[in-house]
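See structure below.
Here the structure is a predicted model, which means the values were calculated and not measured.
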Amino acid sequence: MKITRITAIPISYRLPEGKTVTMGVGSTLKRDAIIVRVETSEGITGYGESHPGRSPSAIVSHIHNTLSPLLVGMPATDVVGAWQRIHRMQFSSHGLGAGAALALSGIDMALWDIRGKAANMPLYELLGGSRKRLPAYAGGIALGYQAPETLAEEALSYIEQGYRAVKLRIGDTVKDDIARCVHVRKMVGDEIDILTDANTAYTIAQARRVLPALADIQAGWLEEPFACNDFASYREAAKITPLVPLAAGENHFMRFEFAQMLEAGAVQVWQPDLSKTGGITESVRIAAMASAFRIPINAHSSATGLNHAATLHFLAATENAGYFEACVSHFNPFRDMFGPTFTIGKDGCVEPPTGPGLGVEVDESLFDKFPMVDGPGYVVKF
C-alpha cells in the first residue's frame with residue numbers, strides 16, 4: 001500500500017461578537033486549522049491535523065510543495081521511514097524549523113490513521129494501549145481574563161459537567177492574576193485541581209511574585225510563564241518554590257527540543273501537541289524519554305476533533321500519561337464538526353474513540369463552510 005497523494009486543507013472561522021477570550025497571547029479574532037488528507041493505492045484514506053502556527057497558507061504550501069513530493073510513492077505504513085526521509089531532506093539540512101514540524105505532524109497523524117484502518121484497530125490498541133479512562137481538565141480557549149466572580153462562575157459550570165480540574169489563564173497583571181486564582185480556589189473548594197497558563201507573558205520578576213500565591217492555592221502547575229526558548233528564566237523560576245511545577249512543551253518541536261528542555265532541568269510537566277511536535281511517531285518518542293525521568297505527559301490538544309482523538313489514543317497508550325486537555329471553548333465549531341470526540345464523565349474522565357484508526361468519520365463537505373480567513377488570529381495591545 002503506497003502513498004498516492006497528500007492534500008492540506010486550511011479552514012478558519014471568526015469569533016462572533018461577545019465570544020472573544022483574552023489571555024497572554026492576546027484576544028482571539030479567529031481560529032485556523034489545517035486538515036491533512038493522505039490517499040493510498042489501496043483506497044484507504046487517512047486524516048490528520050497540522051497546527052497552522054499563525055500562518056496556515058505557509059504550512060499548506062510546505063506540505064504540498066516540499067514534503068509531499070518526498071513521501072508520495074512510499075509505503076503508507078512506514079511511519080518511521082517517512083520520518084527519516086523528512087529528517088534527512090528537511091530537518092537535518094535546514095534545521096528543526098517549527099513550520100516543518102507542524103507540516104509533518106498532520107501527515108504523520110494521517111499515516112497512523114491509515115495504519116489503524118488497515119489493521120481494523122483503534123489507534124490506542126495499535127500503539128499498545130487499552131481503552132482506559134483518562135482524567136481531563138477544562139481547557140481550550142476558555143477561562144480567560146475577566147472579573148473574578150464571572151471567572152468562578154465559568155469554572156463552576158465545567159465542574160457541574162463533571163470536570164475535576166480547570167485551567168485558568170493568567171499573565172495579565174500580578175495583582176489581577178492572584179485575585180482571580182484566589183477567588184476561584186475559594187469558590188470551587190479544595191478538591192478541584194486548579195492549573196494555570198501564562199501563555200509566555202511573564203517576566204521573571206512577575207513569576208517571583210505570582211508563584212508563592214499559586215503555591216498557597218495549591219495550583220497543579222504554572223504553564224509557559226516564559227517564551228519556549230527562554231531556558232534561563234525557566235531555570236531561575238524553578239528555584240522559587242518546589243510546590244508549583246513548571247509546565248511547557250506545546251511550543252517545542254521534535255524530541256530534540258524536548259531533550260534541551262530536559263537538560264535545562266527546570267520543566268517538570270511536559271505538554272507536547274501532536275499537531276505541532278512531529279505527530280504521533282515523535283510524540284511516542286518524547287513520552288518514552290520523559291518516562292525515564294518520571295516526567296508526566298499532559299498533552300496539549302488543539303483545534304479540531306482529529307487532534308483531540310489522536311491525543312486521547314496517544315494518552316491511552318502512554319505509561320506516564322497525565323491530563324487530557326478537553327476543549328470547553330464557548331464557540332469552537334471545529335471541535336465537534338465530525339461529531340463529539342469525547343464525553344466527560346461524572347468521574348472527570350474521558351475515553352478514546354473506538355473506531356479503527358483515529359475513530360473519526362470525516363465529512364469533507366463541511367470544509368466549504370469554513371474557508372480560510374487571512375489575517376492574525378490574535379490581537380495584543382502593546
Side-chain angles (χ1 to χ4, degrees), residues 3-15 25 28-40 45-74 76 79 82-83 85-87 89-91 93-114 250-251 253-254 273-283 300-310 332-335 337-338 358 360 362-378:
I3 298 170
T4 57
R5 181 180 298 176
I6 300 174
T7 307
I9 306 155
I11 55 177
S12 303
Y13 67 84
R14 291 193 182 278
L15 272 293
V25 290
T28 52
L29 295 179
K30 66 170 180 125
R31 297 289 304 275
D32 302 308
I34 299 169
I35 307 298
V36 179
R37 178 180 65 231
V38 177
E39 299 170 63
T40 69
T45 299
Y47 292 91
E49 179 180 342
S50 284
H51 194 281
R54 304 286 193 273
S55 186
S57 58
I59 306 305
V60 167
S61 176
H62 193 63
I63 291 172
H64 286 162
N65 299 310
T66 302
L67 302 191
S68 176
L70 295 174
L71 299 180
V72 167
M74 286 191 66
V79 292
W83 184 92
R85 181 169 293 187
I86 297 301
H87 184 272
M89 300 303 295
Q90 172 69 51
F91 295 131
S93 61
H94 286 76
L96 293 171
L102 302 178
L104 174 60
S105 296
I107 296 173
D108 181 85
M109 194 182 297
L111 292 177
W112 277 98
D113 190 31
I114 289 168
E250 68 173 274
N251 291 308
F253 304 99
M254 316 294 284
D273 184 323
L274 275 61
S275 70
K276 287 184 172 185
T277 199
I280 294 164
T281 302
E282 195 70 356
S283 296
H300 175 267
S301 58
S302 200
T304 84
L306 288 169
N307 191 27
H308 296 146
N332 179 9
F334 291 167
R335 177 184 53 215
M337 65 190 301
F338 308 124
L358 296 182
V360 176
V362 174
D363 179 359
E364 293 200 16
S365 68
L366 296 173
F367 298 155
D368 294 337
K369 298 180 180 180
F370 304 103
M372 190 180 76
V373 177
D374 288 324
Y378 297 83

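- Under the 3.5 Å distance criterion, the side-chain polar atoms of T40 are left unmatched by any main-chain donor or acceptor of I3.
- From F91, atom CZ reaches atom CG of L104 across 5.0 Å, with rounding to the nearest 0.5 Å.
- Applying the ring pair (Phe, Tyr, Trp, His ring centres under 6.0 Å) criterion to Y47, with sequence neighbours excluded, gives no partner residue.
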**Residues V362, F367; criterion side chain to side chain contact (heavy atoms under 4.5 Å, CB included); working and verdict** = CA-CA 10 Å; V362 174; F367 298 155; 3.9 Å; yes

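- Two residues are said to be in side-chain contact when any heavy atoms from C-beta on lie closer than 4.5 Å; P56 and M372 meet this criterion.
- H51 places no side-chain N or O within donor-acceptor distance of the main-chain N or O of A33, the cut-off being under 3.5 Å.
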**Step-by-step side chain to side chain donor-acceptor pair (under 3.5 Å) determination, N307 to D273** = CA-CA 9 Å; N307 191 27; D273 184 323; 3.2 Å; yes

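- Side-chain contact between M89 and T66 is absent, with no heavy-atom pair separated by less than 4.5 Å.
- Considering D32, V373, I35 as possible partners of I11, the one that fulfils the side chain to side chain contact (heavy atoms under 4.5 Å, CB included) test is I35.
- Using a distance-only test at 3.5 Å, with no hydrogens or angles considered, a donor-acceptor pair links the side chain of S105 to the main chain of A101.
- The OG atom of S283 sits 8.0 Å away from the CE atom of M109 when rounded to the nearest 0.5 Å.
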**Prompt:** Given R31 and L15, is the side chain to side chain contact (heavy atoms under 4.5 Å, CB included) satisfied, shown in steps?
**Reply:** CA-CA 8 Å; R31 297 289 304 275; L15 272 293; 4.1 Å; yes

**Item:** Derivation of the side chain to side chain donor-acceptor pair (under 3.5 Å) call for E49 and S275
**Value:** CA-CA 6 Å; E49 179 180 342; S275 70; 4.7 Å; no

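- Of the possible polar contacts, one joining the R85 side chain to the L70 backbone as a donor-acceptor pair under 3.5 Å is found.
- Between W83 and H87, the two ring planes are parallel [angle under 30°; tilted spans 30° to 60°].
- H62 places no side-chain N or O within donor-acceptor distance of the main-chain N or O of L67, the cut-off being under 3.5 Å.
- Once rounded to the nearest 0.5 Å, the distance linking CZ of F334 with OG of S12 reads 6.0 Å.
- I280 and A310 make their closest contact through CD1-CB, 4.3 Å (heavy atoms, listed as atom of the first residue, atom of the second, distance).
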**Prompt:** Would M337 and F370 satisfy side chain to side chain contact (heavy atoms under 4.5 Å, CB included), going step by step from the backbone distance to the final call?
**Reply:** CA-CA 11 Å; M337 65 190 301; F370 304 103; 4.0 Å; yes

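- Here the CD1-CZ distance, from I107 to R37, works out to 13.0 Å after rounding to the nearest 0.5 Å.
- Side-chain contact between V38 and R5: absent, with no pair of heavy atoms (C-beta onward) separated by less than 4.5 Å.
- Side-chain atoms of K30 come within 3.5 Å of backbone atoms of G375 as a donor-acceptor pair (strictly under, hydrogens ignored).
- At a threshold of 4.5 Å between non-hydrogen side-chain atoms, the residues W112 and L358 do not count as touching.
- None of S55, P10, S50, P52 except one satisfies the side chain to side chain contact (heavy atoms under 4.5 Å, CB included) rule with V60; the exception is P10.
- For the side chain to side chain contact (heavy atoms under 4.5 Å, CB included) test with I63, the passing option among L71, V36, I9 is V36; the others fail.
- One finds the CD atom of E39 at 9.0 Å from the CD1 atom of I114 (value rounded to the nearest 0.5 Å).
- Interatomic distance, OG1 of T304 versus CD1 of I34, reported as 11.0 Å (0.5 Å rounding).
- Here the side chain of D108 pairs a donor or acceptor atom with the backbone of T281 at under 3.5 angstrom.
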